[in-house]
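Notes for the one structure printed next.
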Amino acid sequence: MRTQVAIIGGGPSGLLLSQLLNRAGIATVVLERRSRDYVLSRIRAGILETGTVDLLREAGAGARMDVEGIPHDGCLLADNGEMFRIDFAAACGRKVMVYGQTEVTQDLYDAQDAIGATIFNEASDVALHDVDSDTPHVTFRHGSKDHRLDCDVIAGCDGFHGVSRQSIPAALRQEFERIYPFGWLGILSRTPPVSDELIYARSDRGFALASLRNPMLSRYYVQVPLTDRVEDWSDEAFWDEFRARLPAEVAARLVTGPSIEKSIAPLRSFVSEPMRWGRLFLCGDAAHIVPPTGAKGLNLAVSDVHYLCEALIQRYRTGSEAGLDGYSARALARVWQAMRFSWSMTTMMHSFPEHGGFDRRMQQTELALLQRSEAARRLMAENYTGLPF
Ligand code: FAD
Ligand code: DHB
């Protein structure tokens with residue numbers, strides 16, 4: 001087989017890249033290790049930045065989002081029960097969209113099907129070859145057959161545990177990492193959300209987040225020690241702990257019910273530089289991970305895709321590789337901004353085992369600054385709603 005761009009990974013970044021390139025007349029093949037049902041059953045991010053919303057529309061995958069997504073022009077922050085609002089619209093003139101990653105992925109698969117894109121689900125043993133030559137290729141197994149896919153360029157969109165980043169020789173990679181001493185236990189429940197707007201709640205018992213997917217579907221999280229396992233947490237234990245971390249007036253109106261999904265995600269900041277080696281270009285979680293507190297993971301994957309797509313269109317339309325040569329530096333500049341924001345939100349809102357009184361005062365002061373200072377609110381709102389691409 002031959003294609004122009006071989007895309008490893010059929011998560012949000014691989015599918016969006018494939019969709020945008022196909023619409024620009026550039027041929028792609030997507031290789032995804034898992035089944036489509038498996039990819040679509042993963043409950044992950046819920047908040048889309050303005051730039052993400054715009055790019056999904058541009059990809060022809062925004063119609064359902066525009067009907068079912070819920071625009072939010074603010075969020076609530078709480079510190080041990082005291083709550084205040086950040087008005088994104090007033091602070092920076094932008095908003096976000098509540099629309100689940102599961103829905104985004106479904107819409108992208110539908111859009112890819114509609115244009116007859118080539119996607120191999122359950123592709124195993126994916127391996128990258130001759131990446132630092134002008135004639136790279138990818139081998140994989142599908143069904144009972146081995147395949148070879150020749151291409152001009154490989155896009156590594158295969159997430160943190162994928163093969164693409166690992167194909168770059170370790171001596172050419174520089175990795176930056178912070179592992180946080182806690183995870184998020186998340187549940188999804190068919191109950192009316194406790195708040196129309198998201199509540200990020202800091203408390204002495206630990207962090208909690210009240211989010212939602214739609215008027216009858218709530219997504220809630222609590223900070224838990226890394227040693228906790230999902231099996232340790234009954235629904236009742238989750239609700240009790242979640243309620244205890246919310247401001248009293250919010251907790252009083254919480255409607256509980258059985259969880260329909262429950263999982264624990266560890267928190268990590270990670271960047272691998274550069275995001276290019278030879279003919280291989282990394283996008284999304286394959287190159288970087290943010291802790292979820294700023295809702296940046298999916299949105300960062302989308303901005304990488306935007307930059308790579310622009311560079312590839314330039315290459316195929318004009319023959320110039322200037323965009324491809326500049327891709328890594330351009331993407332990393334935005335990645336590090338989102339790293340900083342996610343790290344600072346995480347540090348401000350969570351209980352760290354090693355924190356003492358000084359750190360606690362710093363958290364209180366950061367939150368007080370947001371309440372008091374229009375400049376601080378603007379900085380937060382600009383970052384939360386998404387820095388421009
Ligand atoms: P992925 O979504 O990881 O997609 C990569 C794809 O590549 C997967 O489908 C995988 O099956 C496939 N793949 C992997 N290896 C191979 C291989 N060898 N060959 C072929 N295919 C392969 N972000 C937020 O903003 N908010 C959240 O609440 C949030 N929660 C999260 C919870 C979890 C458990 C995780 C893991 C992430 C979460 N994120 C969250 C981050 C967000 O979901 C990611 O940033 C986003 O999915 C990145 O998209 P991606 O396409 O780059 O990577
Ligand atoms: C959701 C997840 C986040 O990490 C976040 O900051 C906001 C919302 C969510 O899953 O809804």
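Remember, it's 1-based here, ligands and their atoms both numbered in the order they're listed. Note: hydrogens, waters and symmetry copies are ignored here, and every other heavy atom, side chains too, is used.
Every atom of ligand 1 with a heavy atom of G284 under 4.0 Å away is listed here by number and element: 52 (O). The ligand atoms of ligand 1 that sit less than 4.0 angstrom from a heavy atom of S13 are 50 (P), 51 (O), 52 (O). Within ligand 2, the atoms closer than 4.0 Å to a non-hydrogen atom of L198 are 7 (C), 8 (C), numbered from 1 in the order shown. Using a 4.0 Å cut-off to heavy atoms of G159, the atoms of ligand 1 that qualify are 3 (O), 5 (C), 53 (O). Close contacts of ligand 1 with L31, meaning ligand atoms under 4.0 Å from a residue heavy atom, involve 20 (C), 21 (N). Contact atoms of ligand 1 toward R34: 11 (O) (distance under 4.0 Å to a heavy atom of the residue). Numbered from 1 in the order shown, with element, the atoms of ligand 1 that lie under 4.0 Å from a heavy atom of K296 read 25 (O). Atoms of ligand 2 found under 4.0 Å from any heavy atom of I47, numbered from 1 in the order shown, are 7 (C), 8 (C). Near G162, the atoms of ligand 1 lying under 4.0 angstrom from a non-hydrogen atom of the residue are 15 (N). Proximity to T293 (heavy-atom distance under 4.0 Å) selects the following atoms of ligand 2: 6 (O). Which parts of ligand 2 touch A295 is read off a 4.0 Å heavy-atom cut-off, strictly below it: atoms 5 (C), 6 (O), 7 (C).
Here salt bridge (charged side-chain N to carboxylate O under 4.0 Å, His left out) pairs that include residues 143-157, with residues two or more places apart or in two chains, are R2-D152, R141-D146, R148-D150.
Cluster annotation: L324 and V305 are assigned to the same hydrophobic cluster (Ile/Leu/Val/Met/Phe/Trp/Tyr, side-chain heavy-atom contacts under 4.5 Å, transitive). Residues L300 and L55 share a hydrophobic cluster, clusters being chains of Ile/Leu/Val/Met/Phe/Trp/Tyr side chains in contact below 4.5 Å. Tracing side-chain contacts under 4.5 Å through hydrophobic residues (I, L, V, M, F, W, Y), one never reaches L185 starting from L226; they form parts of separate clusters.
For the pair R34 and Y38, the cation sits on the ring face: its NZ or CZ lies under 6.0 Å from the ring centre, inside 45° of the axis. Taking the centre and axis of the six-membered ring of F160, the NZ or CZ atom of R165 falls inside the cone set by 45° and 6.0 Å.
By the 4.5 Å side-chain criterion applied to Ile, Leu, Val, Met, Phe, Trp and Tyr, L188 is assigned to a cluster that also includes I43, L217, I260.
Residue E366 forms a side-chain contact (heavy atoms from CB on, under 4.5 Å) with just one option from M348, R361, M349, M380, and that option is M348. Tested against Y220, the residues W239, F207, F238 include a single ring pair (Phe, Tyr, Trp, His ring centres under 6.0 Å) partner, W239.
Counting heavy atoms closer than 4.0 Å to ligand 1, residue C157 contributes backbone atoms (N, CA, C, O) but none from C-beta onward. The proximity of V290 to ligand 1, defined as any non-hydrogen pair under 4.0 Å, does not occur for either the backbone or the side chain. Contact annotation: for R44 versus ligand 2, heavy atoms closer than 4.0 Å belong to the backbone alone.
Between Y180 and H350, the gap from one ring centroid to the other reaches at least 6.0 Å. F242 has its ring centre no less than 6.0 Å from the ring centre of Y221. Centroid-to-centroid, the aromatic rings of F176 and W336 come within less than 6.0 Å.
Between P292 and ligand 2, a contact under 3.5 Å exists for at least one N or O pair. Among the atoms of Y384, none of the N or O lies under 3.5 angstrom from an N or O of ligand 2. Considering backbone and side-chain N/O atoms, G46 never comes within less than 3.5 Å of an N/O atom of ligand 1. Considering both main-chain and side-chain atoms, W184 never comes within under 3.5 Å of ligand 2 through any nitrogen or oxygen pair. Geometrically, ligand 1 and R44 share a nitrogen or oxygen pair separated by less than 3.5 Å.
Counting only heavy atoms of the protein, atom 43 (O) of ligand 1 lies nearest to Q101 OE1, 2.8 Å. The nearest protein atom to atom 20 (C) of ligand 1, hydrogens excluded, is given as R33 N, 3.3 Å; this is a heavy-atom distance. The protein heavy atom nearest to atom 10 (O) of ligand 2 is Y221 OH, 2.6 Å. Atom 44 (C) of ligand 1 has its closest protein heavy atom at D285 OD2, 3.2 Å. Ranking the protein heavy atoms by distance from atom 19 (N) of ligand 1 puts V126 CG2, 3.7 Å first. With respect to atom 4 (O) of ligand 1, the closest heavy atom belonging to the protein is G11 CA, 3.6 Å. Residue, atom and distance of the protein heavy atom nearest to atom 7 (C) of ligand 2 are Y200 OH, 3.2 Å.
Residue A295 places a heavy atom under 4.0 Å from ligand 1. Residue K296 places no heavy atom under 4.0 Å from ligand 2. The shortest heavy-atom distance from V98 to ligand 2 is not under 4.0 Å. Not close to ligand 2: M345, with no non-hydrogen atom less than 4.0 angstrom away. Taking 4.0 Å as the cut-off, Y221 counts as a neighbour of ligand 1 on heavy-atom distance. Within the 4.0 Å heavy-atom cutoff, R42 counts among the residues contacting ligand 1.
One distance of note links OG1 of T135 with NE2 of H129; it measures 12.0 Å at 0.5 Å rounding. Between atom CZ of residue R245 and atom CD1 of residue I199 there is a gap of 14.5 Å, rounded to the nearest 0.5 Å. Separating the CZ atom in R205 from the CZ atom in R243 is a distance of 11.5 Å, to the nearest 0.5 Å. Distance NE2/H288 to CZ/R334: 9.5 Å, rounded to 0.5 Å.
Using cut-offs of 30° and 60° on the angle between ring planes, the pair F140 and H147 is parallel.
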- Criterion side-chain contact (heavy atoms from CB on, under 4.5 Å) on V290 and F270, from CA distance to verdict: CA-CA 7 Å; V290 284; F270 171 85; over 6 Å; no
